[in-house]
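The structure under discussion appears below in the form of structure tokens.
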Amino acid sequence: MTLPQTMTLIEITEPGGPEVLKPRQEPVPVADAGEVLIRVHAAGVNRPDVIQRSGKYPMKPGMSPIPGLEVAGEVVAIGKGVSEFIVGDRVCALTNGGGYAQYSVAPASQTLPIPDGMEWVQAAAVPETFFTVWANLFDIGGASKGQRALVHGGTSGIGTTALMLCREFGVKAFATAGSEEKCAAIRQLGAEAINYRDKNFVEVLQEKTGGKGVNVILDIMGGSYLNQNIAALGMDGRLVMLGFLGGAHAKDIDLMAILGKRATITGSLMRSRTREEKASIAEQLREYVWPVLAAGRCLPIIDKVYPLVEAAQAHARMEAGDHIGKIVLQVD
């Protein structure tokens, strides 16, 4: 396959607001050993992209400075040692950055075939959120059939994915949101909605669970919610933190509540996981979630699609907080 020498990508010209995202031309990357080169048709927009753009994401060696953690497209070249894909395969991938581009490389171990019938935009909205939810809610968090889970930010990409998978695998889900429109969307996904502007979610959960609390909480708020989250947990409950929209520091933590409940508090960043860890998550998704997607269930909810060159507008919408589901960039 003949490839162009250059491509359009979106760079972060300097740390700042959405306006620092600018298109530029750069050579098409080359697939190294164990990698595939993907002609990108669509790329997902995620909160870590926004944090990276603002200069607050911890960048480790080997991470691409180009934003974009998930793509969908077709394989156009394969690196040495790759045997599971061939040129022409339709795939989606969790990248190590570089997804906001016409061409992107990804480890083959973090690449999965697109289920039949799934469009590019939907497929691009899968990797980052499904990897993250599966690893944190079901693996680290141990959510399982018959348990109760609380998901903060229930209408975000992470939130909607978590609620769909809870419904699929028999987990009773509660979710917080800040408007009636968002609460209605949560109810459509089979979860009980809590409008945090009107009600105290701890009190609601105590009432709804008969004082037992929830088994696991998936949290994007961080410091400002920590004590309330501990109060909402049941015995042996697990709090898994993914973000810190409410602050990266907490004050006056109630340690006795943690001890009394034998609570586990943990968190993770997907981007800092090793290639081997991400490969393991990919295999779990292939086994447990891919058959669900192939059957047409738990498909990503798409909020809005922007052309690649309008990445700044996509980031502005995410930061406004009005979206329900995933924001995606159309590349071709």
Side-chain angles (χ1 to χ4, degrees), residues 4 6-29 38-60 62-73 94-106 120-121 124-125 127-129 132 153 155-160 178-179 181-182 220-222 224 242-248 269-272 300-332:
T6 63
M7 65 175 184
T8 300
L9 57 75
I10 302 297
E11 70 169 335
I12 301 171
T13 55
E14 62 180 330
E19 70 280 356
V20 305
L21 296 174
K22 303 288 185 182
R24 85 158 189 253
Q25 292 294 304
E26 189 170 284
V28 170
I38 300 169
R39 179 192 172 197
V40 179
H41 289 277
V45 177
N46 294 282
R47 183 65 60 176
D49 302 338
V50 173
I51 299 172
Q52 179 184 345
R53 189 209 71 223
S54 66
K56 298 178 181 178
Y57 200 101
M59 299 293 290
K60 294 185 177 182
M63 292 182 177
S64 172
I66 305 304
L69 298 175
E70 59 184 351
V71 299
L94 180 73
T95 74
N96 295 326
Y100 290 13
Q102 291 178 310
Y103 292 85
S104 179
V105 292
W120 297 121
V121 166
E128 169 68 10
T129 44
T132 298
T155 55
S156 66
I158 292 291
T160 53
S179 71
E181 179 187 10
K182 290 185 175 184
I220 60 173
M221 295 305 297
S224 64
L242 300 180
F244 42 86
L245 292 178
L269 295 173
M270 181 58 64
R271 197 167 185 177
S272 62
I301 295 172
I302 305 301
D303 175 78
K304 195 166 183 178
V305 181
Y306 294 85
L308 176 64
V309 295
E310 294 181 8
Q313 288 91 318
H315 274 224
R317 178 159 181 79
M318 173 163 281
E319 289 188 292
D322 296 327
H323 60 291
I324 296 176
K326 291 292 299 255
I327 299 169
V328 178
L329 298 176
Q330 187 90 43
V331 179
D332 57 356

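Source: prediction; values computed, not measured.
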Inset, instruction - Assess whether side chain to side chain contact (heavy atoms under 4.5 Å, CB included) is satisfied between Glu70 and Asn46, documenting all intermediate values. - result: CA-CA 9 Å; Glu70 59 184 351; Asn46 294 282; 2.9 Å; yes
Inset, instruction - For Ile302 and Val328, run side chain to side chain contact (heavy atoms under 4.5 Å, CB included): C-alpha distance rounded to whole Å, both residues' side-chain angles, the deciding distance at 0.1 Å, then the answer. - result: CA-CA 8 Å; Ile302 305 301; Val328 178; 4.1 Å; yes
Inset, instruction - Tell me, with the steps shown, if Ile301 and Lys326 meet side chain to side chain contact (heavy atoms under 4.5 Å, CB included). - result: CA-CA 6 Å; Ile301 295 172; Lys326 291 292 299 255; over 6 Å; no
Inset, instruction - Check the pair Ile327, Tyr306 against side chain to side chain contact (heavy atoms under 4.5 Å, CB included), reporting the backbone distance first and the verdict last. - result: CA-CA 8 Å; Ile327 299 169; Tyr306 294 85; 3.9 Å; yes
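Put simply, the side chain of Gln330 reaches to within 4.5 Å of the side chain of Val121, judged on heavy atoms.
Panel note: side chain Asp303, backbone His323; no donor-acceptor pair is recorded below 3.5 Å. Looking only at distances, a side-chain donor or acceptor of Thr95 sits under 3.5 Å from a matching main-chain atom of Gly68. Gln52 places a side-chain N or O within 3.5 Å of a backbone atom of Pro65 that can act as its donor or acceptor partner. Judged by distance alone, with hydrogens and angles left aside, the side-chain atoms of Gln102 form no donor-acceptor pair with the main-chain N or O of Met7 at under 3.5 Å. Ser104 places no side-chain N or O within donor-acceptor distance of the main-chain N or O of Tyr100, the cut-off being under 3.5 Å. Thr8 places no side-chain N or O within donor-acceptor distance of the main-chain N or O of Gln25, the cut-off being under 3.5 Å.
Within 6.0 Å of atom CD in Glu181, 12 or fewer heavy atoms from other residues, nucleotides or ligands are found, so the atom counts as exposed in its surroundings.
Across every non-hydrogen atom of Glu319 and Pro18, the tightest pair is OE1-CG, 3.3 Å. When all heavy atoms are compared, the tightest approach of Arg53 to Ile12 is CA-CD1, 3.6 Å.
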